Asks: 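Okay, handing you the structure first.
From a predicted model like this one, the values you see are computed outputs, not experimental measurements.
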Amino acid sequence: MTVKLIIRRLLFLVLVVWAASTIVFLIPRLSSRNALRERFGELARTGGFSPQDLEKIIASMQQQFGLEQPLYHQYWTYLGNILRMDFGYSLYRYPSTVSEVIAQSLPWTIGLLLVTTILSFIIGNLLGAVAAWPRAPRWLRGFAAPFILLTGVPPVIMAILLLFFIGFRLQWLPLGGAYSAGVVPNLSIGFALDMLQHQVLPALSLILGSVGGWVLSMRGMGVTIQGEDYVNFAEHKGLTGGRIFRDYYLRNAMLPQVTALALAPAAIVTSAIIVEGLFGLPGIGSALNLAIRANDFPTIYGIVVFITIAVAVLMTVVEFLYPLLDPRVRNS
């Protein structure tokens with residue numbers, strides 16, 4: 001990969017982040033809703049603020065958030081804050097900043113998404129490759145069929161079914177929460193096992209909802225690979241079936257799947273937002289749900305921009321790693 005290509009990809013990354021950030025900035029300002037007035041209006045109804053005090057609070061907060069400035073000034077300030085990863089203050093967790101809210105929620109979401117994405121990728125691709133491999137046993141090829149059927153079930157519906165049957169009826173696993181009530185987080189094996197027990201149902205709902213997609217796409221790639229000349233040449237050379245499957249069949253069929261892996265978090269995070277809310281996990285999804293219900297627009301903007309930047313960076317990293325997996329790209 002040449003330096004020119006690397007610079008081009010980095011410039012494209014900057015362009016994507018800038019375009020997404022600009023859209024996030026402009027869309028809310030096309031609305032006539034005033035986030036500060038709505039938020040503090042709710043507090044006034046429950047806290048008994050007088051109208052004069054409410055207007056003073058709103059005016060003070062507008063000055064603090066810079067909303068009294070011209071639009072172009074707000075835009076340049078907004079871009080400068082993004083470069084510093086400063087998304088302002090959270091309305092429903094004030095005086096905590098949006099960056100602090102993201103930092104507190106991020107480890108839970110990373111742990112859940114990382115495990116579910118990797119497991120669904122490995123399981124789905126292995127099942128899909130075996131399902132398309134003509135030398136595989138029939139029972140093993142048929143093992144992928146149930147996962148393909150589950151593709152039509154959204155992870156959210158899967159989470160509700162698992163909650164009802166496994167959590168509520170059978171009571172095999174906890175219904176929700178990051179860990180048991182009354183347990184103080186600590187660095188111990190007991191706490192780790194308790195926390196993992198609470199993550200099983202959310203992880204299963206995301207894995208079962210995404211494995212079928214990997215099976216279908218890998219099976220399609222496997223069928224295409226079977227007719228390639230290098231696979232036929234390897235068979236005529238007398239290589240063993242295991243080596244053909246590993247070095248010629250699976251390795252080449254995996255290349256488009258690696259590209260799709262970079263896009264997988266963007267698709268899974270939409271389901272994870274609702275799944276985290278269903279199971280009461282303190283992740284990015286729960287923080288976004290709370291922000292939406294509380295009309296906390298700075299937190300909503302910050303989380304959306306952060307997810308956009310994370311996905312764009314991940315896609316760029318995968319594109320840089322792709323030549324290491326495919327020598328044809330590296331030599332072109």
Side-chain angles (χ1 to χ4, degrees), residues 93 100-128 143-144 146-147 149-151 153-215 257-258 260-291 303 306-307 310-311 314:
R93 291 188 182 180
E100 291 174 349
V101 173
I102 294 176
Q104 294 170 3
S105 308
L106 192 59
W108 297 97
T109 300
I110 288 179
L112 180 63
L113 291 183
L114 187 64
V115 172
T116 54
T117 302
I118 293 176
L119 287 179
S120 60
F121 178 79
I122 294 174
I123 295 172
N125 282 289
L126 287 178
L127 289 177
F143 191 70
F147 293 96
L149 293 176
L150 291 176
T151 306
V153 182
V156 177
I157 303 299
M158 184 66 65
I160 296 175
L161 294 175
L162 292 175
L163 268 174
F164 179 75
F165 289 104
I166 297 180
F168 178 71
R169 295 297 296 272
L170 299 177
Q171 298 183 0
W172 288 351
L173 292 170
L175 290 174
Y179 41 84
S180 299
V183 174
V184 179
N186 57 84
L187 297 176
S188 65
I189 297 178
F191 175 75
L193 293 176
D194 181 75
M195 185 178 63
L196 289 176
Q197 190 179 19
H198 284 74
Q199 309 299 316
V200 172
L201 287 182
L204 271 180
S205 61
L206 294 176
I207 291 173
L208 294 177
S210 57
V211 164
W214 292 115
V215 173
Q257 300 296 89
V258 174
L261 180 62
L263 300 174
I268 295 178
V269 73
T270 55
S271 299
I273 289 173
I274 305 178
V275 169
E276 285 183 349
L278 285 173
F279 289 97
L281 299 178
I284 291 290
S286 296
L288 184 57
N289 284 326
L290 290 174
I303 292 177
F306 178 80
I307 293 174
V311 173
L314 183 60

Asks: Measuring from L119:CG to T116:OG1, what's the distance to the nearest 0.5 Å?
Replies: 7.5 Å
Asks: Counting only heavy atoms not in I189 (residues, nucleotides, ligands), do more than 12 fall under 6.0 Å from its CD1?
Replies: no
Asks: Hey, could you give me the CD/CE distance between Q197 and M195, rounded to the nearest 0.5 Å?
Replies: 12.0 Å
Asks: Determine all donor-acceptor pairs shorter than 3.5 Å in which one atom belongs to a side chain in residues 204-212; sequence neighbours excluded.
Replies:
| from | atom 1 | to | atom 2 | distance (Å) |
| --- | --- | --- | --- | --- |
| S205 | OG | L201 | O | 3.4 |
| S205 | OG | P202 | O | 2.6 |
| S210 | OG | L206 | O | 2.8 |
| S210 | OG | I207 | O | 3.4 |

Asks: What residues form a side-chain hydrogen bond (donor to acceptor under 3.5 Å, both in side chains) with T109, not counting sequence neighbours?
Replies: E276
Asks: Report the residues that fulfil side-chain contact (heavy atoms from CB on, under 4.5 Å) with P282, sequence neighbours left out, ordered by chain and then residue number.
Replies: W108, A178
Asks: What residues form a ring pair (Phe, Tyr, Trp, His ring centres under 6.0 Å) with F164, not counting sequence neighbours?
Replies: F168
Asks: Restricting to side-chain contact (heavy atoms from CB on, under 4.5 Å), what partner residues turn up for I110, sequence neighbours left out?
Replies: L106
Asks: Supply the atom-to-atom distance Q104 CD to I284 CD1, rounded to the nearest 0.5 angstrom.
Replies: 10.0 Å
Asks: Sequence neighbours excluded, which residues qualify as side-chain contact (heavy atoms from CB on, under 4.5 Å) partners of L290?
Replies: Y92, R93, R293
Asks: Can you measure from CG (L127) to OG (S120) and round to the nearest 0.5 angstrom?
Replies: 11.5 Å
Asks: What pairs with F121 under ring pair (Phe, Tyr, Trp, His ring centres under 6.0 Å), at least two apart in sequence or on another chain?
Replies: W214
Asks: Is it true that a side-chain atom of T117 and a backbone atom of L114 form a donor plus acceptor pair closer than 3.5 Å?
Replies: no
Asks: Let me confirm one number: the CZ-CG distance from F279 to L173, rounded to the nearest 0.5 Å.
Replies: 9.5 Å
Asks: Taking all heavy atoms of A159 and all of V275, pick out the closest pair and write down the distance.
Replies: CB-CG2, 4.3 Å
